[in-house]
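Here's the structure we're looking at; comments come further down.
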Amino acid sequence: MNHSAGPASAPLIGVLDSGVGGLSILRALRQELPAASFVYIADQIHLPYGPRPLDEIRQFAHGIARHLLDRGAHAIVVACNAASAASLLYLRQTFPGVPFVGMEPAVKPAAAATHTGRVAVLTTAATAGGPLYARVLDRFAANVDVRTVVWPELVLAVETNRIALDDLRPIFDRDLAPLLAEGVDQIVLACTHFPFAAQALRAYVGPDVMIVDPSPAIARQTRHVLPDHAPDRSSIPQASPSSVDYCTTGNLARFTVVASALLGESIQARQLTWQADGSLGPD
Ligand code: DGL
C-alpha cells in the first residue's frame, strides 16, 4: 500500500488513545478541520496505558496504527502522551511517509510564561519516564523548578465522567494544594484525559494560575502535516459537518455514554477486538 498518497478530497484522520482522553484532541481537530473525517480508537481494554512498560504500549500503538492505515487514514494523531512517549519515533520509522502527530509535555510555553519559576506537569508514569519528557526538560526547563505529578486517579475519574470539582477536590487537596502553596503558577496538562477536568481545575486554582492545554496547537500541527494541506477554516464556509467513526476495544455501552457526556453530543460507537496476531478486527 502506498501510505504517502494524498487525500482525494476530505482527509481521513486516525486518532488513538487508551480511552476517552483523546476526545479532547478530537474536539480541537474537528474545529480546526471541519471538513475532515475521523476514525477514533479508544483502546480501553488496555486502559490505563500510564502504568504499563513502554514496549507494551508501543505494540498496542503499532496494531492501532496498522488498522487505521488499512482503513485509509491519511494521517494519524497519537492523541495520548503515554503512547507518544512509547511509540512516536518508532511509528515514524515503521511507516515512513505517513504523517504522525504526537503529544509531548508542553513545558516550553509554561517555562516561558512562569513568573514564580515553578511549573507543575500533570501526567502519567509512562510519560514521566519516557524519552520525550526527558528531552523537553533538558531543552526548556534548565532554569525552572518543574514538579511532576503522576496522576492515575485523574485518568480514571475522566474515564468514569466524575469530573465535577466536588468529585476531584480530594485529589486536588492532596496533590495540587501543596504545589500551589509553593507558588506554582503554570499547570501543564500532559495527559489527554486532563483537559476534561480543566473546568474543575480552573475553579480550584483560581484565575492567576495558567493551565496549559496543548490540544489547539496539536490540531493546528495536524493541519500542517496533512498531505496537500487541508483548507483552513476560513476557506470552507459551507463545509459539511465532520464525520467520526468512534471505536473502542473495551466496554461499548460505557464508552458511548461517557464519550457522549464529555463531548456534549449523542454519539454512536463500534466494538473492535484485538486478534491473536496483534491486529484489530471486528470479530
Ligand atoms: N490519555 C493518555 C495520555 O495522554 C493516558 C491515560 C492512560 O494512562 O491510559 O497519556
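The basis for the numbers below is simple: all heavy atoms, side chains too, and nothing from hydrogens, waters or symmetry mates. Computed from a predicted structure; not experimentally measured.
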| Between F60 and I45, is there a shared hydrophobic cluster once you connect ILVMFWY residues whose side-chain heavy atoms come closer than 4.5 Å? | yes
| query | Is the closest side-chain heavy-atom distance between P131 and L54 below 4.5 Å? | reply | yes
| Selection residues 121-132 - residue pairs positive for salt bridge (charged side-chain N to carboxylate O under 4.0 Å, His left out), sequence neighbours left out | none
| Less than 4.5 Å apart, any side-chain heavy atom of L88 and any of M103? | no
| message | Once side-chain hydrogen bond (donor to acceptor under 3.5 Å, both in side chains) is applied, what residue pairs with a partner in residues 77-99 remain, sequence neighbours excluded? | response | H62-Y90
| query | Do H67 and D70 meet the criterion of a side-chain donor-acceptor pair at a distance under 3.5 Å? | reply | no
| message | Run the side-chain contact (heavy atoms from CB on, under 4.5 Å) test on V15 and I41 for me, step by step, so that the C-alpha distance in whole Å, both residues' side-chain angles and the decisive distance to 0.1 Å come before the verdict. | response | CA-CA 6 Å; V15 183; I41 297 184; over 6 Å; no
| query | Do you know the tightest heavy-atom contact between T256 and A269? | reply | OG1-CB, 3.8 Å
| remark: Interatomic distance, CD@E32 vs CD@Q221, rounded to 0.5 Å, equals 11.5 Å
| query | How close do L226 and P11 get, heavy atom to heavy atom, and via which atoms? | reply | CD1-CG, 3.8 Å
| L89 with V98, same ILVMFWY side-chain cluster at under 4.5 Å | no
| task | Give me the ring orientation class for Y246 and Y40: parallel if the planes are under 30° apart, tilted from 30 to 60°, perpendicular past 60°. | result | tilted
| query | Considering residues at least two apart in sequence or located in another chain, which fulfil the side chain to side chain contact (heavy atoms under 4.5 Å, CB included) criterion with T222? | reply | I13, L29, L33, V77, V101, I218
| Would a 4.5 Å heavy-atom cut-off, applied to side chains only, mark I267 and V244 as touching? | no
| task | Taking the side chain as every heavy atom from C-beta outward, state whether D17 and Y49 have any atom pair closer than 4.5 Å. | result | no
| request: Apply side-chain hydrogen bond (donor to acceptor under 3.5 Å, both in side chains) to S243 and S37, showing your working. | output: CA-CA 5 Å; S243 75; S37 295; 3.2 Å; yes
| request: Kindly state each residue pair satisfying salt bridge (charged side-chain N to carboxylate O under 4.0 Å, His left out) with at least one member in residues 257-272, sequence neighbours excluded. | output: R30-E265, D245-R270
| said: On a heavy-atom basis, which atom in A125 and which in G50 lie closest, and how many Å separate them? | reply: CB-O, 3.6 Å
Determine all donor-acceptor pairs shorter than 3.5 Å in which one atom belongs to a side chain in residues 187-201; sequence neighbours excluded.
from	atom 1	to	atom 2	distance (Å)
T192	OG1	A79	O	2.8
H193	NE2	G21	N	3.4
H193	NE2	E159	OE2	2.7

Name the atoms and distances for all side-chain donor-acceptor pairs under 3.5 Å in residues 149-158, with sequence neighbours left out.
from	atom 1	to	atom 2	distance (Å)
W151	NE1	D175	OD2	2.5
E153	OE2	R174	NH1	3.3
E153	OE2	R174	NH2	2.8

| query | Applying salt bridge (charged side-chain N to carboxylate O under 4.0 Å, His left out), which residue pairs with at least one partner in residues 187-206 are found, sequence neighbours left out? | reply | none
| query | Rounded to the nearest 0.5 Å, what separation is found between the CD1 atom of I25 and the CG atom of L16? | reply | 11.0 Å
| field | Side-chain donor-acceptor pair present, T248, Q44, cut-off under 3.5 Å | value | yes
| message | Rounded at 0.5 Å granularity, tell me how far OG in S24 sits from CG in L262. | response | 9.5 Å
| query | Counting only heavy atoms not in N143, do more than 12 sit closer than 6.0 Å to its CG atom? | reply | no
| request: Decide yes or no for V212 and Q186: does some side-chain heavy atom of the first lie under 4.5 Å from some side-chain heavy atom of the second? | output: yes
| Joint hydrophobic cluster, V257 plus F255, side-chain heavy atoms closer than 4.5 Å | no
| query | How would you list all residue pairs meeting side-chain hydrogen bond (donor to acceptor under 3.5 Å, both in side chains) that involve residues 128-138, not counting sequence neighbours? | reply | E104-R135, Y133-T148
| request: Using side chain to side chain donor-acceptor pair (under 3.5 Å) as the criterion, list what pairs up with E56, not counting sequence neighbours. | output: R52
| request: Look up atom CD1 in I64 and atom OG in S279, then write down how far apart they are to the nearest 0.5 Å. | output: 12.0 Å
| message | With clusters defined by side-chain heavy atoms of hydrophobic residues (ILVMFWY) lying less than 4.5 Å apart, directly or transitively, does I211 cluster with I171? | response | yes
May I have the list of side-chain donor-acceptor pairs in residues 107-121 shorter than 3.5 Å, sequence neighbours left out?
from	atom 1	to	atom 2	distance (Å)
T114	OG1	T116	N	3.3
T114	OG1	T116	OG1	3.4
T114	OG1	G117	N	2.9
T114	OG1	R118	N	3.4
T114	OG1	D185	OD1	2.6
T116	OG1	R118	N	3.2
T116	OG1	G183	O	2.7
T116	OG1	D185	OD1	3.2
R118	NE	D145	OD2	3.1
R118	NH1	E182	O	2.6

| request: Taking side chain to side chain contact (heavy atoms under 4.5 Å, CB included) as the test, write out the residues that go with A65, two or more places apart. | output: I76, L91, F95, F100
| request: Specify the closest pair of heavy atoms between A42 and G19, including all atoms of both residues, with the distance to one decimal. | output: CB-O, 3.4 Å
| request: Test side-chain contact (heavy atoms from CB on, under 4.5 Å) on F38 and L12 and set out the steps. | output: CA-CA 5 Å; F38 300 91; L12 177 65; 5.8 Å; no
| said: Using a 6.0 Å cut-off, check whether atom CD of Q268 has over 12 heavy atoms from anything other than its own residue. | reply: no
| How long is the gap from CG on D167 to CZ on F172, to the nearest 0.5 Å? | 9.5 Å
| side chain to side chain contact (heavy atoms under 4.5 Å, CB included) partners for D166, two or more places apart | R169
